[in-house]
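Structure first, then comments.
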Amino acid sequence: MSDASAARLLAGPPTTAGTESLEDHVARLGERPAGDDETIELLRRTRLRGRGGGAFPALRKWRAVAGGSRPPAVLVNGVEAEPMSQKDRLLMQVRPHLVIDGAFIAAEAVGARRIVVCVGRDHRSSSDALTAALRARSDRPCAVDIVKVPAGYVAGEESALVQYVERRVAKPTSGPRPFVAGIGGAPTLVHNVETLAHVGLLARMGAEWFAAVGAGAAGTTLITLSGAGLHGARVLEIAHGTTLQDAVAAAGGDEAAPAALLGGHSGRWTALDPHNPLPLDPGSLQEAGLSLGAGVVHLLEPGGCAVDETSRMLAYMAEQSARQCGPCTFGLPAIAGAADRVARGRAESHDLSRLSRWAGMVRGRGACHHPDGAAVLAESSLAVFAADWRSHASGAGCITRAERVA
Amino acid sequence: MSRFVVEIDRIACDGRGLCAELLPEMISLDDWGFPIISGDPVPDSLLPMAQLAVDQCPLLALRLRAHTSSTPAAPGRH
């Protein structure tokens, strides 16, 4: 059985102890190694993937920017735009030096001339902790700037971050991808703060240590659990391959929760069956048509209404559109409107089939993946809770709440 | 089959719809008037109309991209 709680990023003082100082960090883990070709080799051996939701192989990104036309830049993504995720803020708050180690190591390894650290403007305590930690460092490989990014779901998308850094517009772009031409036109390595924290440990401890835990993928990953049985959100570090059921139990979540949303607002619902354990590693999840995304697990309350929850989330996704692309600007409000009518027991005659149709219609047709997220959320809910949606749509009311909604 | 695919800049596109009129074999409009574009290579016979659609887009949102075996056309539509 995999260890349901495996401390590596979160090893050391408990998270309740607050920010680990530079002195304590170095005493515990040693000085940070330099970044170089050996680091890139470590990425190859461990097959480290990004922890921002895209799960992109880190090696490919590093090689692409290192082999670019000009000296690259590194953009540290600590914006955590997914509202259901807390792991990045926690990491920046309690282990900022590990994140910074990873950023400095990456910058050295790819030959970067500039590091830009992006944090959420509203995330005061974690951005203050990271800012203070940066100030305490005397091992900067290049210029480091901190940019505070306004809240917004699409603001954390990598091309939106580059555009915000360049011209203070927090919207995705349709031009060359950041790894080709990003900040100041330089090939830009964009990494989530958790990914960089893993680099900080990996560079010290090596590939064998890294792969000593984890099944299906090497190492550990941070997940944020919320919903049934949990007050607020709980961040857990798990070894890859830990089952969803074990993770829920370790976090104190309600093990009778009938379903979970994996991945947040752009994620997928899945029914939870205690007799069908779901290993949390990219391969097993992919086989089940799922993904952890930015590591979000949100549990449905027993007796909770997924139609209602999904409808509210779709309204949020529609509201968060950057309104740059037609299918997203018009499609997401249409989807949210139909979902809202159905949830309230005021469905028009074709609302359910429209929901399906429109979700399929917007997928892949924006400059970024925001419409895809809403589409996937809608489609998974319609599939997993088909009976619920039909009951709401027919006016028969909510199955789980056993009451008429209209 | 030519070596070209029709590509669109989704941000520049404003849903005018000229492209769907000029190249209905490869471009249709969604429920909000925005183009749904086939990712298949443009057949040789349609290349002149594809070029015309690119040229006539008021927002210059379309282009024809040459694809080689290393950059295959995106399957399906977009």
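The chains referred to below are lettered A, B, ... by the order of the sequence lines, with proteins before strands, and numbering in each begins at 1.
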Inter-chain contacts: residues 349-376 of chain A against chain B, heavy atoms under 4.5 Å: R357(A), W358(A), G360(A), M361(A), V362(A), R363(A), G364(A), R365(A), G366(A), A367(A)
Gap between atom CG of D9(B) and atom SG of C325(A) - 0.5 Å precision: 8.0 Å
Pairwise distance CZ(F330(A)) to CG(D31(B)) - rounded to 0.5 angstrom: 12.5 Å
What part of A334(A) lies closer than 4.5 angstrom to a heavy atom of chain B: side chain, backbone, both or neither? side chain
Contact part of I36(B) toward chain A, heavy-atom cut-off under 4.5 Å: side chain, backbone, both or neither? both
Heavy-atom count check: over 12 atoms from other residues, nucleotides or ligands less than 6.0 Å from E21(B) CD? no
Is the number of heavy atoms from other residues, nucleotides or ligands within 6.0 Å of CD (Q286(A)) greater than 12? no
Heavy atom to heavy atom, less than 4.5 Å: which residues from residues 171-183 of chain A reach chain B? P172(A), T173(A), S174(A)
